[in-house]
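Take a look at the structure below.
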Amino acid sequence: MWKYILFFVVCTLFLFSQSVFAHTGLKTSSPQDKQTVEEVTEIVLEFNTKVEQKSTYSLTNEKGETIEIGSIQIDGKTMKSEVVDTLEDGSYTVNWKIVGADGHPIDGKFSFTVKNPNETQTPVLNNTNESGSSSATTAPVEATAVTQTSFTVNIAIIEVTILVVLALLCLVYVFRNKVR
């Protein structure tokens, strides 16, 4: 019986140690991935672990043109810089390349959209009043933000699922051998 318990403990330690030794990944960003914003003056990236000073990122518009950013400041898990010029309406992509605390180079990207509310067209609603005449009014357009899914949460769910399956397999194995 003890060897089954030992087997279960070793499997558990093996599964959960993977997230400890996992490579650094992007935890959050400002602006967030797929977020629509009115203005961007600064780009901030926060990672799961400390990033090395060699890390960098670039900003490109939908035409693939590189947009000038200020000097990148790295402080522990955070990388940030100011955006030099005002961004025009459109889609932008941040391409990041970092060296994590474990020494492995990792890259990724996320995108966001800039949409100035002063330049957007709002839908016109026709309201008919009691006298039968209609008047046009504008409805406000709201920006929507999509939150970023954390990679580590998905890994934890997978690990727990595998752990439960392994526990069930161990129980089946133990009870099956007792029946014989």
Pairs involving [range], ordered by first then second residue, that meet ring-ring contact (aromatic ring centres under 6.0 Å, His included) (sequence neighbours left out):
range	value
residues 64-84	none
residues 60-87	none
residues 66-87	none

Measure the spacing between [atom1] of [X] and [atom2] of [Y] and express it to the nearest 0.5 Å.
X	Y	atom1	atom2	answer
Thr28	Glu46	OG1	CD	4.0 Å
Glu38	Thr113	CD	OG1	13.0 Å
Glu39	Asn116	CD	CG	8.0 Å
Thr66	Asn95	OG1	CG	8.5 Å
Lys109	Ser29	NZ	OG	14.5 Å
Ser30	Glu42	OG	CD	7.5 Å

**Request:** Name all residues meeting the side chain to side chain contact (heavy atoms under 4.5 Å, CB included) criterion together with Ser111; count only those two or more places apart in sequence or in a different chain, and write none if there are none.
**Result:**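 Expected list: Asp33, Thr93.
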Quick one: are [X] and [Y] in side-chain contact, heavy atoms under 4.5 Å?
X	Y	value
Thr41	Val83	no
Val40	Val114	yes
Asp85	Ile67	no
Ser55	Ile74	yes

**Item:** Verdict with reasoning, Leu26 to Leu45, per side chain to side chain contact (heavy atoms under 4.5 Å, CB included)
**Value:** CA-CA 7 Å; Leu26 183 63; Leu45 290 80; 3.9 Å; yes
**Request:** Kindly state each residue pair satisfying side chain to side chain donor-acceptor pair (under 3.5 Å) with at least one member in residues 69-83, sequence neighbours excluded.
**Result:**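 Non-adjacent pairs meeting side chain to side chain donor-acceptor pair (under 3.5 Å): Tyr57-Ser81.
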**Message:** Before we go on, tell me: are the rings of Phe47 and Trp96 under 6.0 Å apart, centre to centre?
**Reply:**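 Ring centres of Trp96 and Phe47 closer than 6.0 Å.
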**Request:** Report whether Val99 and Met79 are members of the same hydrophobic cluster (ILVMFWY, side-chain heavy atoms less than 4.5 Å apart, transitive linking).
**Result:**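 In one cluster with Val99: Met79, no.
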**Request:** List the steps, then state whether side chain to side chain contact (heavy atoms under 4.5 Å, CB included) holds for Phe112 with Thr36.
**Result:** CA-CA 6 Å; Phe112 62 91; Thr36 300; over 6 Å; no
**Request:** Apply side chain to side chain contact (heavy atoms under 4.5 Å, CB included) to Thr56 and Ile72, showing your working.
**Result:** CA-CA 7 Å; Thr56 186; Ile72 298 173; 3.5 Å; yes
**Message:** Suppose we screen for side chain to side chain donor-acceptor pair (under 3.5 Å). Which residues come up paired with Asn61, at least two apart in sequence or across chains?
**Reply:**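 Side chain to side chain donor-acceptor pair (under 3.5 Å) list for Asn61, sorted by chain: Glu65.
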**Item:** Smallest separation among heavy atoms of Ile69 and Val84, with atom names
**Value:**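 Taking every non-hydrogen atom into account, C-CG2, 3.6 Å.
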**Request:** Would you please test Tyr92 and Thr60 for side chain to side chain contact (heavy atoms under 4.5 Å, CB included) and show each step?
**Result:** CA-CA 6 Å; Tyr92 294 87; Thr60 56; over 6 Å; no
**Request:** Would you indicate whether Glu88, at its atom CD, is surrounded by more than 12 heavy atoms from other residues, nucleotides or ligands within a distance under 6.0 Å?
**Result:**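 No.
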